[in-house]
Amino acid sequence: MTYPIRPIDESEWTAFARVNEEAFGWTPHPQQAERYKAQTEFDRTLAAFDGDTIAGVTAVFSLTMTVPGRQLPVAGVTAVSVLASHRRRGVLSSLMRRQLNDIRERGESVAALYASESLIYGRYGYGRAASELSFTIDKHRSAFVPGAPQDPSLRLRVVGPAEVRGDLEKLFASVVTRRPGRYERRPEFWDSVLADEEHDQRGNGTLRSILAEDEHGVRGYALFRIKSSWDEAGIPNGTLKLQELEAADPAAYALLWRSVLDRDLVSKVETYGRPVDDPLIALLADARQLRARWADELWVRLVEVDRALAERAYAAPVDVVIEVEDDVCPWNARRWRLTADLTGAECKPVDEEPDITLPVAALGSAYLGDGVLGEQFEAGLLREHSAGAVRRLATALSWSPKPWAGLTF
């Protein structure tokens, strides 16, 4: 059975959203639902219909994302859901294939998503391209190393986040290009970041902010909530839940972290989703006190291999013929010669013998600069036809800092 697929219009939003609610097992507050609706680009939605019933959905955010060396338009795939009554009927495959064709027609060479289930998206050519760490830090064991950066011109200011939204947006815009995976935030995204109704707090208290600034303006900010608690002896045992910490320079970064870690009536700091090379790891005198937990973060799909590889920068020269395996986007399934150095790159179709044969998902995993090709080669998932070709390609694709998006979309 086939299911007609098309974008929805605004009048169909409630039915579209209901599929997401069923699939994710969560019913948002009406105000939250309105925020999600405001973020929706209706011409970039897709719904699969079984008669008058919407059986499956997906959507795209038109993002401007940092990749190694520059920013690109990237399709931010979101709201991928199928009703439980319509699983195993090809609904998801039809939606994902249609979506990739639409992304290509839009002229975007790269798609990215957050995977609710990590087993799903490799089937459609997405590869795990970024990772994250979550920290739990005992404030009493959070001393910094000697020589941690300081700047006497910096001062801290406690202020309500809504009062300084413009400052937060400006500071974030100044740092977003530093790390692959980060993307520019539209006003509707900031509405969600700063949302602070009771249903947004989830029992963790009011959203708070602290700024690091000097006479020239804001150099960093932290957004957090505090879940107050006292133990049976009346000793304060609160938890500070860090939502974001952004800084323009190391001194502002260190000062903000110290302010967070030294907060009164708090015994520990928790943060969910930080980069795997977060500078805090180097700042702590005892990095074991991070009590870090790893998770996958952003997944990337090269929609057009040649354009995507030519549009990013490279860490080292490389000249290699890649044979790409791609069952979903057949226009990618051929041999490509990638020639790149520190000044630019080109990727052209060739009929030469390949140096490497690999699935398109492997290129997606490596695209933002995370060094995964080597581990995939050692696992036997790539085929190397010319000795050292995988190492050369992995070196050229690598990047510092490590990729990380930082805000789920």
For [X] and [Y], which I'm curious about, is there any donor-acceptor pair between the side chains at under 3.5 Å?
X	Y	value
Thr357	Glu323	yes
Ser93	Tyr124	yes
Glu197	His29	no
Gln32	Asp200	yes
Ser118	Arg128	no
Asn204	Gln201	no
Glu22	Ser81	no
Thr177	Gln71	no

[Y] side chain reached by [X] side chain, heavy atoms, under 4.5 Å:
X	Y	value
Val74	Ser62	no
Leu113	Tyr126	yes
Phe224	Val269	no
Thr239	Ile226	no
Tyr272	Glu132	no
Val77	Gln99	yes
Leu358	Leu363	yes
Arg219	Asp249	yes

Is the backbone of [Y] close enough, under 3.5 Å, to the side chain of [X] for a donor and an acceptor to pair up by distance?
X	Y	answer
Arg307	Leu302	no
Asn332	Val305	yes
Asp341	Gly344	yes
Arg179	Lys402	yes
Asp50	Thr53	no
Arg70	Glu311	yes
Asp370	Val372	no
Glu184	Ala173	no
Asn20	Ala23	no
Thr45	Phe42	yes

**OP:** Examine Phe61 together with Phe189 and report whether their ring centres are nearer than 6.0 Å.
**Re:**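 That pair passes the under 6.0 Å test.
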**OP:** Run the ring-centre check on Tyr221 versus Phe172 and record whether the distance is less than 6.0 Å.
**Re:**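 When the ring centroids of Tyr221 and Phe172 are compared, they turn out to be at least 6.0 Å apart.
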Could you measure the distance from the [atom1] atom of [X] to the [atom2] atom of [Y]? Nearest 0.5 Å is fine.
X	Y	atom1	atom2	result
Glu270	Lys241	CD	NZ	4.0 Å
Glu108	Leu100	CD	CG	11.0 Å
Tyr114	Trp299	OH	CH2	13.5 Å
Asn237	Asp231	CG	CG	6.0 Å
Glu384	Leu393	CD	CG	10.0 Å
Glu297	Ser131	CD	OG	8.0 Å

**OP:** Just do the side chain to side chain donor-acceptor pair (under 3.5 Å) check on Thr66 and Arg178 with the steps written out, would you?
**Re:** CA-CA 8 Å; Thr66 301; Arg178 295 182 179 180; over 6 Å; no
Check ion pair [X]-[Y] (N to O, under 4.0 angstrom):
X	Y	value
Asp191	Arg165	yes
Asp286	Arg141	no
Lys37	Glu10	yes
Asp262	Lys139	no
Asp326	Arg334	no

Original post:
Please walk me through it: do Thr78 and Thr408 pass side chain to side chain contact (heavy atoms under 4.5 Å, CB included)?
Top reply: CA-CA 9 Å; Thr78 188; Thr408 305; over 6 Å; no
Should the heavy atoms of other residues, nucleotides or ligands under 6.0 Å from [atom1] of [X] be counted, would the total exceed 12?
X	atom1	result
Gln150	CD	no
Arg155	CZ	yes
Arg391	CZ	no

**OP:** Check the pair Thr339, Tyr314 against side chain to side chain contact (heavy atoms under 4.5 Å, CB included), reporting the backbone distance first and the verdict last.
**Re:** CA-CA 10 Å; Thr339 306; Tyr314 289 81; over 6 Å; no
Closest heavy-atom pair and its distance - [X], [Y]:
X	Y	result
Pro28	Tyr36	CB-CE1, 4.0 Å
Tyr253	Leu280	OH-N, 3.2 Å
Ala47	Leu95	C-CD2, 4.2 Å
Glu188	Ala38	CG-O, 3.7 Å
Thr136	Arg293	OG1-NH1, 3.3 Å
Val145	Leu284	CG1-O, 3.6 Å

**OP:** Dump the intermediate steps for side chain to side chain contact (heavy atoms under 4.5 Å, CB included) on Asp102 and Arg106, then the final yes or no.
**Re:** CA-CA 6 Å; Asp102 289 355; Arg106 289 265 185 159; 5.5 Å; no
Original post:
Where do Arg89 and Tyr3 land on the side chain to side chain donor-acceptor pair (under 3.5 Å) test, with the steps shown first?
Top reply: CA-CA 10 Å; Arg89 299 190 190 181; Tyr3 300 89; 3.2 Å; yes
**OP:** Mark yes or no: Arg123 above the aromatic ring of Tyr121, with NZ or CZ under 6.0 Å from the six-membered ring centre and no more than 45 degrees from the axis.
**Re:**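 Negative - Arg123 is either too far from the ring of Tyr121 or too far off its axis.
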Subject >> Within 45° cone and under 6.0 Å: Arg185 NZ/CZ vs Trp190 ring >> reply: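 Output yes; distance and angle both within limits.
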Original post:
Are Arg258 and Ser142 close enough, and set up right, to give a side chain to side chain contact (heavy atoms under 4.5 Å, CB included), and what steps lead you there?
Top reply: CA-CA 9 Å; Arg258 275 274 46 102; Ser142 65; 3.0 Å; yes
**OP:** Could you give me the CA-CA distance, side-chain angles and deciding distance for Arg182 and Glu246, then say whether salt bridge (Lys or Arg N to Asp or Glu O under 4.0 Å) is met?
**Re:** CA-CA 12 Å; Arg182 309 223 70 182; Glu246 304 286 352; 2.9 Å; yes
